[in-house]
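Each chain gets a letter, A, B and so on, in the order its sequence line appears, and its residues count up from 1. Please read these numbers as outputs of a predicted model, since none were measured by experiment.
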4 protein chains.
Amino acid sequence: MGIVERKQREKESRLRQIQEIAAELFYKKGYAETSLDEIARRAEISKATIYLYFKSKDDLYYQIVEPALAELSRRLIKIAEDTEEPAEITVRKIIDATRDVFFNDPGSYHLVSHYRAAEFKRLLPKNRLDNLKSLMRSNFHQMEQAVQKGIDQGIFHNVDAKLVSIILWNCFMGVIQFQENRMDLESTDYRKPTIDAAVDLILKGLKSR
Amino acid sequence: MGIVERKQREKESRLRQIQEIAAELFYKKGYAETSLDEIARRAEISKATIYLYFKSKDDLYYQIVEPALAELSRRLIKIAEDTEEPAEITVRKIIDATRDVFFNDPGSYHLVSHYRAAEFKRLLPKNRLDNLKSLMRSNFHQMEQAVQKGIDQGIFHNVDAKLVSIILWNCFMGVIQFQENRMDLESTDYRKPTIDAAVDLILKGLKSR
Amino acid sequence: MGIVERKQREKESRLRQIQEIAAELFYKKGYAETSLDEIARRAEISKATIYLYFKSKDDLYYQIVEPALAELSRRLIKIAEDTEEPAEITVRKIIDATRDVFFNDPGSYHLVSHYRAAEFKRLLPKNRLDNLKSLMRSNFHQMEQAVQKGIDQGIFHNVDAKLVSIILWNCFMGVIQFQENRMDLESTDYRKPTIDAAVDLILKGLKSR
Amino acid sequence: MGIVERKQREKESRLRQIQEIAAELFYKKGYAETSLDEIARRAEISKATIYLYFKSKDDLYYQIVEPALAELSRRLIKIAEDTEEPAEITVRKIIDATRDVFFNDPGSYHLVSHYRAAEFKRLLPKNRLDNLKSLMRSNFHQMEQAVQKGIDQGIFHNVDAKLVSIILWNCFMGVIQFQENRMDLESTDYRKPTIDAAVDLILKGLKSR
DNA sequence: CATGAATGAGTCTTCATTCAT
DNA sequence: TATGAATGAAGACTCATTCAT
């Protein structure tokens, strides 16, 4: 009994290990410049072994990106459920959750921070592409809802909620990416305070007078 | 006589044509996934012809990216010269100039919106890398100066100018990128109003109270 | 158990097969005019397979040339150890060993008979180049020592030992090369008797009076 | 009138200049590794211009190699005409003439010192190949005749004349090649004395007792 | 006569993927 | 399950050759 379970656990850990290494490389070097050879070498397994766990390079990529995005989606949906909560808090919670998921799973960084519609279209089969799109749309939608709630609650100016979501979302992404590049040089991680400051500023703008 | 001139003009137009096609592909698909084969096919020339105009793929990339960034640098430096001008106007001018340059030269999109320090380090020789870095730093610096001016003029809160620059800059980049991906589906170009709204919001935050 | 060994043997035989075919082509056509495509075709393997065994074309070349030269070096050093032996015999032994190594490994033919300092300098990394140079110098040195011994023993005239070595060495190489070209037409292999006759003549010249 | 002549002279000098540069490169780097681009660059003409004077790269090669070999052939035939002359002197004359021609025309170096039957067969059309072969055979034949004359005159031992010719010829070639490689390092030109010493030695061997 | 421009064919090299063991 | 070995397809780059001017 225990043997089967152990095998199962080992298999999963192996799988996750591949994913983690691949995620880091995909993020650092991009999809095309990441070779299965390097992933295999770092994971200290044979290249062929990767094919036991993933059908193709695309598949590996998808299997990294989808779970992170799905997890974020679940969390944002949960956060958005509380319709009574002041919008400002909801917005901050969404940002926090997003940052949290991304910090814990650098692989998903790649997806979002370097997301290029055209690239995905070439890379993924339609159903997978659609799934990712729908997840992203959902996440984006939660932010939009929160901003709209703020407007309805009279906390925020009467602005275009969608537009504000775009701004918040991109500000977040921009900061991440900017600081990533910076971290190549400096070692200190300023991502959290920078994001917080950015959100403060935008919220101040939303609430001012 | 006129013959030489015409030849010259033809050569330059050919060169620009290659650059434009390459810029679009680099932007859409990234450096690694763009093949010279495809560039040649789209430009309806032979692959070898590209090598008449550019020493290598790296070189082609650099020749696309550098001029746009240099042009932006020139414009921003000029804008920043007027130290009397109210900071808010200067900030808007910087944003406008940036957008202007980028809209006229989609190639530079790629550099900035997908800029990855690590990738460049592998791609470019040291002197070219340094040149790009210095241009980017200069551009960023102008924004920082403008924000600082606003603080000194008592128009903006006493915030970290550098941080605000990061936010503004990334907001800009984020909006561009977001809308780019969006434009793959819809055809309307919302980039300008979205950027303006974003800047409005951030400036409002900076000035509030 | 035996499986692993058999695999090992197969791998080595494959490697040697590639080397043999490559050696022949390098010899017949020179480095630049020998394509990996042709090597692969003749070995009835894929071009990519070559890269499983050798890091590059240069590497393949070096791996062919170095072992033969090193083997020759070992043998000549051993022969030269006997300082009592009459010089004439030592010289003949050196020639015999050289011929032996070269006949058993046509790849090394190329190196020595077509050796061009300039070509190697472009082809090989410094440490490999140095290694080959040092091997060649060592081999040459053994001959020089043997001739000097003959002079000291009073068997040979008092000539410049270095010069005589050059003559002997090149005579050997020349005969090989000449006969090689000839063999393209005739099929009989006159290399051994021709070399022997050449050495006889030169030794006679050294000893005359 | 004079104009036509000047043009003619200019054309010939241009032609010879191309040949000289090409000869040097062919010799130093080999046929395959010498590019018309480099020849053109060094001659400060356009690559296309080379095609005004030579039908192809092969043709250029042949036009370099053939005249030198033909000139040598003419001289050797003349030398061999004097059947009364002591064989030793004739042999030395042949060697001197050979060296002379080669020193004055490094292009022919390449042909003979790096002559590879197989390469030529691929490179040249049958009639040209046959012509070169016949020239080389003729040159070789003169040496053979001279040695035979020495035997008939009772000056040389009764050896195989053909074999001795091979030895002499290759000794010459070997020394040239060896010293060429050496000259890459040292600058002094030891080719003449080394060849002379080699010939002395061999002649001594031929005459001893 | 001379050349700048263009290109097709070929070269080395990499890599995702398959398969026998 | 795991892997070493093999490969087809593709990519960057070079070069001899042609041609319009």
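C:Glu38 meets the side-chain contact (heavy atoms from CB on, under 4.5 Å) test with C:Leu25, C:Lys29, C:Ser35, C:Arg41, C:Arg42; sequence neighbours excluded. Applying the side-chain hydrogen bond (donor to acceptor under 3.5 Å, both in side chains) criterion to C:Arg122, with sequence neighbours excluded, gives D:Glu33. Every side-chain hydrogen bond (donor to acceptor under 3.5 Å, both in side chains) that A:Asn131 has, sequence neighbours left out, goes to A:Tyr62, A:Glu66. For C:Glu44, there are no salt bridge (Lys or Arg N to Asp or Glu O under 4.0 Å) partners, not counting sequence neighbours. For C:Ser46, the side-chain contact (heavy atoms from CB on, under 4.5 Å) partners are C:Ala48, C:Thr49, not counting sequence neighbours. Not a single side-chain hydrogen bond (donor to acceptor under 3.5 Å, both in side chains) links B:Gln19 to another residue, sequence neighbours left out. Under the rule for a side-chain contact (heavy atoms from CB on, under 4.5 Å), the partners of A:Ala23 that lie at least two apart in sequence or sit in another chain are A:Ile64.
Between the CD atom of C:Glu33 and the P atom of E:dT11 there is a distance of 10 Å, rounded to whole Å. Computed from coordinates, the A:Ile18 CD1 to F:dT1 P distance equals 12 Å when rounded to whole Å. In this structure, C:Gln8 atom CD and E:dT21 atom C1' are separated by 16 Å, rounded to whole Å. Rounded to an integer number of Å, the gap from CG of B:Leu15 to C1' of E:dA5 is 13 Å. Straight-line distance from the CG atom of B:Leu36 to the P atom of E:dT11: 20 Å, rounded to whole Å.
Of the side-chain N and O atoms in C:Lys11, one or more sit less than 4.0 angstrom from OP1 or OP2 of F:dA5. Between B:Arg14 and E:dA6 there is a side-chain polar atom (N or O) within less than 4.0 angstrom of OP1 or OP2.
In DNA chain E, runs of at least 3 stacked Watson-Crick or G-U pairs (N1-N3 plus N6-O4 or O6-N4, or N1-O2 plus O6-N3, all under 3.5 Å) give these stems: E:2-21 with F:2-21.
By the 4.5 Å heavy-atom criterion applied to side chains, C:Leu129 and C:Leu123 are not counted as neighbours.
Residue pairs meeting the salt bridge (charged side-chain N to carboxylate O under 4.0 Å, His left out) criterion with at least one member in residues 48-63 of chain D, sequence neighbours excluded: D:Asp59-D:Arg128.
Near DNA chain F, meaning a heavy atom under 4.0 Å from it, residues 37-49 of chain C has C:Ile45, C:Ser46, C:Ala48, C:Thr49 in order of number. Taking a 4.0 Å limit (strictly below) on heavy-atom distances, residues 50-60 of chain C reaches DNA chain E at C:Tyr51, C:Ser56, C:Lys57.
Separating the OG1 atom in C:Thr34 from the NZ atom in C:Lys28 is a distance of 10.0 Å, to the nearest 0.5 Å.
A parallel orientation is assigned to the rings of B:Tyr31 and B:Phe26, their planes being inclined by less than 30° (bins at 30° and 60°).
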